[in-house]
Every structure is written in structure tokens, then in C-alpha cells.
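The structure under discussion appears below in the form of C-alpha cells.
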Amino acid sequence: MNFEHTQPAQLDAAGASDPWSEFRVGAAAERLRLLRELRDTHAPVILSAPDGITLSTTLWAVDAGADRVNFSADPGSTQLPRLVEANEIVAVAYLASVKLQFDLHDPVLVRGHNSCALQCPMPHEIHRFQRRNAFRVRTPERLSPVVRMRHPAVPEIPLALRMLDVSIGGCALWMPQDLPPLQAGTVFGSVMVELDADTRFEVELTLQHVSGGCSNSGGNDRPAAGVRLGCEWQRLSGSAARVLQRWIDRTQQRRRRV
């Protein structure tokens with residue numbers, strides 16, 4: 001998927017510039033096709049509420065006539081009632097190399113004799129993003145971008161972690177082993193991404209996985225010990241997404257020329 005930035009952004013309903021337009025699935029038929037593919041492939045769907053409640057489920061029914069979707073639900077789940085009470089849900093799922101994200105509203109629990117489902121009106125807006133590992137750009141080691149934040153377990157420790165690679169979906173960070181360890185699932189609430197001296201934006205991150213290895217940036221040609229943090233962007237604004245995509249495109253172009 002290539003994004004064309006020489007064209008003006010589309011306008012939203014109020015006539016203002018809409019930075020999310022290039023990621024939005026505009027056609028109703030295409031949205032329905034994506035939802036049916038989620039249903040047919042039994043792809044995991046992560047539902048999350050503003051207060052941090054999350055639930056992993058699958059989409060098991062798409063009723064276009066009634067304009068409803070149904071997600072599988074465990075009637076014994078303690079998260080389920082809190083998710084319904086939140087009334088605002090963000091759904092995230094993956095289809096091969098594509099990440100889908102959409103909002104759900106007015107959820108209700110539908111109980112049967114031996115089953116339970118979370119039912120919502122069909123989403124009328126879906127955003128589609130290229131998955132991180134399909135659009136990854138390895139960063140130049142001498143001028144690596146930096147991510148600045150506070151250690152979530154020890155806020156007194158400021159972190160400035162080197163970015164190993166980056167994409168529209170997330171990034172990989174290098175953390176030296178002498179820092180307190182982090183666990184997968186950790187959310188970094190306030191993160192400053194500095195791609196270069198003139199390109200920066202603020203975002204949230206979710207730590208997806210932690211893996212060991214060595215970095216060649218330890219000096220004297222000796223590898224430095226540490227861990228690789230695979231992270232996914234959260235609450236990436238439209239303007240930040242456009243800045244990030246332009247930076248990725250420029251980096252790819254420079255690599256091709258070299």
C-alpha cells in the first residue's frame with residue numbers, strides 16, 4: 001500500500017481537512033466484505049474500553065439486514081459487564097498484513113440457553129492500516145530515532161530508547177539490560193517520538209513482545225546486551241500518522257538510492 005502525499009487531504013463532513021481519509025474504508029460494500037472475512041477466518045478481535053478494559057473475542061455473526069454484528073462472549077467473564085457499561089468500544093483485528101480498527105457503540109448482551117453474545121450496531125466506519133512487519137523500515141544506526149518516556153514501573157527513570165525499525169503500525173526499540181525489565185502488555189501513556197531533529201510527535205505505545213539479542217551500538221565494536229521491545233502505536237493522531245508515513249517514504253527512497 002502506497003500513500004500519495006502530493007494530493008490534498010480529503011475533507012470531512014464539516015469541510016475541514018480530514019487526515020484520516022487515506023486510511024478510511026469508504027465503500028459500504030468493502031466494509032461488509034472485511035467484516036465477513038473477519039467472521040469467516042475467526043480472526044481474534046481485541047475489544048477495549050476507555051478505562052483500560054480489554055477482551056479478546058471473535059466475530060461470529062454479521063447481519064447486514066438488521067445492521068448488527070455479534071461477537072462471541074464468555075458469560076462468566078468479569079470483563080464483559082464492564083465493557084458493556086463503558087458503551088464505547090474500540091475493536092482491533094488483523095487480516096494477514098492489514099490491521100483493522102473500528103468503533104462500536106451501544107453494546108448489549110444477548111443470552112441464550114447455552115450461549116452468550118455481545119451485540120452491537122454494525123460499524124459504519126472502518127480504518128485500515130498496513131501491519132508493521134509488512135512496511136517495516138530499518139533505521140540508520142548513526143542517526144537512529146529516539147523514543148522518550150518514563151519507565152512505567154519506576155517513573156523516576158527517564159528512558160531514551162533507540163528505535164531499531166519503524167512502520168505505520170509500530171516500532172522496535174532497544175532497551176539496555178541494566179534497566180528494570182518490562183512485560184508484554186505494558187502501556188506507555190505519554191511517549192515522545194523523535195524521528196529526527198525536525199520530526200517529532202506524541203503518542204501512546206503498547207508493548208507487544210520482548211526478545212533478547214545484542215546491539216552493535218555499544219562502542220568499540222562490541223555488542224551491547226539488552227532486549228528488543230516490539231511496540232504498537234496507540235492513539236496515533238491523523239497528523240502524526242501522515243508525518244510518520246512521509247518519514248518512512250523518505251527513508252525508503254534514500255535506501256533505494258544507496
Side-chain angles (χ1 to χ4, degrees), residues 1-12 16-26 92 94-101 126-149 158-176 188-209 211 213-219 223-224 226-258:
M1 183 185 300
N2 293 319
F3 301 100
E4 188 60 58
H5 297 292
T6 58
Q7 299 177 354
Q10 297 181 21
L11 302 181
D12 60 18
S17 176
D18 182 6
W20 287 101
S21 60
E22 57 190 324
F23 305 112
R24 184 176 293 112
V25 179
V92 174
Y94 291 97
L95 288 175
S97 62
V98 173
K99 172 186 174 183
L100 301 179
Q101 181 171 319
I126 296 178
H127 292 89
R128 176 170 50 196
F129 307 92
Q130 197 72 19
R131 197 174 181 180
R132 191 185 73 82
N133 61 4
F135 222 71
R136 182 170 53 193
V137 172
R138 195 170 296 276
T139 60
E141 188 166 326
R142 287 196 317 159
L143 301 172
S144 294
V146 174
V147 169
R148 301 185 186 277
M149 55 193 171
L159 300 178
L161 304 182
R162 184 167 67 90
M163 191 181 291
L164 301 176
D165 58 55
V166 61
S167 81
I168 195 64
C171 63
L173 305 175
W174 181 257
M175 190 175 80
F188 304 98
S190 181
V191 177
M192 178 59 67
V193 178
E194 299 178 357
L195 296 174
D196 54 42
D198 302 315
T199 310
R200 62 182 62 190
F201 58 86
E202 191 170 356
V203 72
E204 294 182 7
L205 282 178
T206 297
L207 179 56
Q208 298 292 331
H209 57 82
S211 56
C214 291
S215 169
N216 290 325
S217 61
V227 294
R228 179 186 178 98
L229 310 177
C231 301
E232 183 179 21
W233 308 122
Q234 302 292 339
R235 301 184 184 277
L236 185 67
S237 69
S239 58
R242 292 173 68 85
V243 166
L244 178 60
Q245 187 64 60
R246 290 190 184 103
W247 190 89
I248 290 172
D249 290 344
R250 289 198 303 267
T251 302
Q252 288 180 319
Q253 290 167 6
R254 286 196 296 267
R255 288 293 177 88
R256 293 191 195 102
R257 288 197 297 266
V258 172

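None of these values were measured; they are calculated from a predicted model. We use all heavy atoms of the structure for the numbers below, so side chains are in, but hydrogens, waters and symmetry mates are not.
Rounding to the nearest 0.5 Å gives a distance of 7.5 Å between CG of L236 and CZ of F23. L159 CG to M175 CE: the interatomic distance, rounded to the nearest 0.5 Å, is 7.5 Å. Taken to the nearest 0.5 Å, the CG atom of L195 stands 6.0 Å off from the CG atom of L244. For the atom pair CH2 of W174 and CE of M163, the computed distance is 15.5 Å after rounding to the nearest 0.5 Å. Put simply, SG on C171 and CG on L229 are 9.0 Å apart, with the number rounded to the nearest 0.5 Å. Atom CG of L161 and atom CZ of F188 lie 7.5 Å apart (nearest 0.5 Å).
Between F201 and V191, every side-chain heavy-atom pair lies at or beyond the 4.5 Å cut-off.
Under the side-chain hydrogen bond (donor to acceptor under 3.5 Å, both in side chains) criterion, Q101 pairs with no residue, sequence neighbours left out. E204 meets the salt bridge (charged side-chain N to carboxylate O under 4.0 Å, His left out) test with R235; sequence neighbours excluded.
M149 and S190 get closest at one heavy-atom pair: CB-O, 3.7 Å. Minimum heavy-atom separation, A160 to R148: CB-NH1, 3.5 Å. Residues V203 and Q234 approach most closely at CG2-O, 3.2 Å, considering heavy atoms.
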